[in-house]
Amino acid sequence: MKHRDITLLLLALLVWSGCQPKADKVTDLQKDMANVLNIQGIPQAQYELEPFGFSDMGAWHGYALPSIDSTTYYGGFSGPLTMKMWGQWLSKNLCQLELTDASSMTTTDLSKAKAKLNYKPGKLEQTLELEHLSLKLSLIFVSDRSALIQTDITNKSEQSQSLFVGWKGELFPKGITLSKSEKGLQIDFEEGDEFFLIHNDSDKSIQISPDKKSYQMFIKDKQEVASGEILEVNLLHSYYFNQEEASKEISLYTNWLNQSDQLFADNKSRWNGYLSKALNSNNPLLDKEENRKLAAKCVQTLMTNWRSPAGDLKHSGVFPSAAYQGFYGFWSWDSWKQAVALVRFNPELAKSNLYSMFQYQDEMGMVADCVYFDPKENNWRDTKAPLASWAVLEIYKANSDLEFVKEMYPKLVKYHNWWYDYRDNDQNGLCEYGSTDGSLIAAKWESGMDNAVRFDDSKMLKNNEHGWSMNQESVDLNAYLQAEKEDLAELAELIDHTEEAKSYKLEASSLKKRIATEFWDETTGFFYDREIVTGKLLTVQQGPEGWIPLYTGIATKEQAKRVTSILMDSTKFATKVPFPTLVADHKKFNPLKGYWRGPVWLDQAYFGIKALEKYGYNKEADALSEKLIQNAEGLLLDSPIRENYHPISGKGLNANHFSWSAAHYLMLLSDEDDK
């Protein structure tokens with residue numbers, strides 16, 4: 001606990017500022033970007049992920065702000081939410097501040113306070129104004145396992161006040177109980193070795209209810225707060241998966257509690273660094289303040305979904321969304337895409353996103369579809385589209401890390417070759433999506449487009465003992481592989497693998513010609529999948545696969561012109577929110593019931609924008625970019641970024657706080673203007 005005299009601080013500040021020369025104003029982006037995302041609310045059930053809000057530094061727990069009208073919860077933060085194999089709230093409000101007048105032993109009614117609630121990037125703040133007291137509660141993360149709550153209590157009265165400072169809380173009912181720990185409280189979990197600590201260095205009096213579900217905890221020494229003085233009380237929340245993790249942090253506790261001001265300064269510097277890097281672009285979209293705030297929201301979304309090494313996960317990665325129970329792991333496709341955005345403001349996390357998936361590369365070269373804290377949950381039935389080389393190359397372009405390229409290159413080559421060894425049924429150099437177990441559903445998952453119309457009549461063919469394919473060669477897959485050959489050639493040149501670079505360039509050139517010829521339908525002016533045996537084009541749908549050959553630079557100018565005319569048709573793809581995953585005039589178009597039968601996914605929309613730009617359709621790309629930003633529900637307000645959007649109404653669909661949507665919006669906003 002610390003006491004500070006506010007009068008002396010103000011006088012010192014005035015003297016200092018009066019002696020300083022005038023200087024350019026330093027932008028505090030952490031302050032300027034406050035509340036671009038609304039995370040207020042009280043969780044009503046243990047396993048329901050509403051509300052959801054804030055985590056940092058890869059921690060596996062997070063917090064929200066109480067809503068402004070939830071006055072009975074003033075003095076604490078909602079949660080925490082823990083995020084191991086699924087999300088569960090431990091409490092509605094685990095540590096609610098209690099202040100008791102030591103003279104009268106009456107408790108201060110915090111619900112009567114005038115409250116201000118702020119979610120600043122990297123920081124939660126709650127300010128409560130009472131008649132004689134001003135309270136400021138601030139929460140940041142100080143490690144990937146611990147959060148710090150700093151409470152400043154200012155005596156606004158003309159008299160000294162004597163206070164007992166404490167906290168109270170109640171757990172949700174299932175599978176968790178309270179016990180005393182060496183420095184405070186411990187929450188024990190019925191399953192596993194994990195535990196949660198509430199602690200500081202003060203001597204405390206603790207009462208735990210008989211059912212071990214609620215508590216009261218007070219610092220034993222009463223606190224004398226003189227008129228105008230600030231009393232600072234700090235508390236740590238630590239979430240560990242085993243005792244070994246806790247032992248690594250024990251020596252840090254005292255410094256964290258006694259040097260909180262420095263930790264908050266470090267937090268501010270770190271987050272201002274993230275935001276300044278993310279906004280440091282000549283892209284004219286960032287000239288608008290609303291778009292700058294959107295970019296900040298994208299950064300916050302990605303950072304809240306960041307998880308540090310834990311369990312079987314040996315590297316940091318990013319959840320698709322911690323606000324949805326099914327997404328508590330790392331996905332390969334997501335990881336490649338997220339890395340391209342992350343490198344713009346957090347290059348080490350971008351690299352780790354690649355490591356997190358290639359940790360699991362098998363001896364054949366396959367990378368799992370998704371991996372989890374518990375490896376028994378990993379999905380080896382399929383992988384995802386080959387975009388990893390693109391991510392590695394984009395990381396290198398941003399930070400010139402040649403050692404990273406040297407480390408990743410052989411892994412990328414092995415993964416690239418895997419496609420031709422296990423996903424080319426007739427060995428003709430054109431690949432198919434497939435599965436390791438022969439199931440059609442896993443093959444559809446591998447495409448990333450689980451229920452796309454183009455797969456409605458697909459059948460499975462056995463390639464060998466380790467691989468099956470759908471009976472159609474997919475144009476997007478082969479376009480990605482063609483682009484990967486070009487990326488591998490560039491990476492090979494960087495590390496002086498000259499002959500390999502030449503070989504990849506030749507392969508890329510040959511495959512480019514084949515795709516432009518064999519997957520193109522002259523009648524409709526679009527690219528399609530084709531059936532393996534007959535070579536027949538499967539013109540059952542027009543969707544994102546048809547513009548990927550423009551994105552990768554395969555299409556001829558005339559082909560690009562014809563595809564562009566379809567993309568710019570308001571009855572097809574230029575909808576209110578453009579780039580639906582199924583052409584809007586298709587009889588099976590149904591965004592509310594079909595994950596890939598109409599909803600706008602931001603990765604495919606981004607590829608569509610880049611496709612138009614690659615062929616010089618900059619005016620068209622700008623117009624559709626504007627619609628993507630302006631017409632997606634809540635995007636420019638304080639609503640969460642959604643998994644996908646309804647192309648006609650603009651309504652946000654499916655998961656909240658979705659990482660790859662945030663990643664691609666950030667790319668769209670911050671790509672350098674090289675038109």
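For reference, positions follow the sequence shown, starting with 1. Reckoned from all heavy atoms, side chains included, excluding hydrogens, waters and symmetry mates. Fair warning: this is a prediction, and the values are worked out from it, not measured in the lab.
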Just checking [X] against [Y], ring centres under 6.0 Å apart?
X: Trp601; Y: Tyr595; value: yes
X: Phe319; Y: Trp60; value: yes
X: Phe54; Y: Phe52; value: no
X: Tyr63; Y: Trp89; value: no

Answer yes if the side chains of [X] and [Y] hold a donor-acceptor pair under 3.5 Å, and no otherwise.
X: Ser214; Y: Ser209; result: yes
X: Gln88; Y: Gln46; result: yes
X: Asp32; Y: Thr27; result: no
X: Trp306; Y: Asn346; result: no

Worksheet item: Does a salt bridge link Lys31 with Glu125, judged by any charged N lying under 4.0 Å from a carboxylate O?
Response: no
Worksheet item: Is any NZ, NE, NH1 or NH2 atom of the basic residue among Glu289 and Arg292 found under 4.0 Å from an Asp or Glu carboxylate oxygen of the other?
Response: yes
Keeping the roles fixed (side chain from [X], backbone from [Y]), state whether a donor-acceptor pair exists under 3.5 Å.
X: Asn291; Y: Leu286; result: no
X: Asn118; Y: Lys120; result: no
X: Ser639; Y: Leu635; result: no
X: Ser661; Y: Glu643; result: yes
X: Thr100; Y: Ala102; result: no
X: Ser356; Y: Asn353; result: yes
X: Asn631; Y: Lys576; result: yes
X: Ser659; Y: Leu302; result: no
X: Lys297; Y: Leu637; result: yes
X: Arg642; Y: Asn654; result: yes

Determine the minimum heavy-atom distance between [X] and [Y], stating which atoms define it.
X: Ser55; Y: Arg307; result: OG-NH2, 3.3 Å
X: Gln40; Y: Asn38; result: N-OD1, 2.9 Å
X: Pro640; Y: Leu37; result: CA-CD1, 3.6 Å
X: Gly76; Y: Gln126; result: O-NE2, 2.9 Å
X: Leu185; Y: Ile208; result: CD2-CD1, 3.8 Å
X: Met83; Y: Gly62; result: CE-N, 3.9 Å

Practice prompt. Kindly indicate, with the supporting measurements, whether the criterion side-chain contact (heavy atoms from CB on, under 4.5 Å) is fulfilled by Gln150 and Asp261.
Written response: CA-CA 9 Å; Gln150 181 186 79; Asp261 289 347; 3.3 Å; yes
Worksheet item: Which ring-ring contact (aromatic ring centres under 6.0 Å, His included) pairs, counting each pair once, include a residue from residues 247-268, with sequence neighbours left out?
Response: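 As it turns out, the ring-ring contact (aromatic ring centres under 6.0 Å, His included) pairs with a partner in residues 247-268, which skip direct neighbours, are His199-Tyr253.
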Discussion item. Using the ring pair (Phe, Tyr, Trp, His ring centres under 6.0 Å) criterion, which residues pair with Phe658? Sequence neighbours excluded.
Written reply: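 If we apply the ring pair (Phe, Tyr, Trp, His ring centres under 6.0 Å) test to Phe658, skipping adjacent residues, the hits are Phe327, Trp660.
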When the side chains of residues 132-143 are checked against the rest of the protein, which donor-acceptor pairs come out under 3.5 Å, sequence neighbours left out?
residue, atom, partner, partner atom, Å
Ser134, OG, Glu129, OE1, 3.3
Ser134, OG, Glu129, OE2, 2.9
Ser143, OG, Arg145, N, 3.0
Ser143, OG, Ser146, N, 3.0
Ser143, OG, Glu249, OE2, 2.6

Worksheet item: Which word best sums up how the rings of Tyr645 and Tyr665 line up, parallel for under 30°, tilted for 30 to 60°, or perpendicular for over 60°?
Response: perpendicular
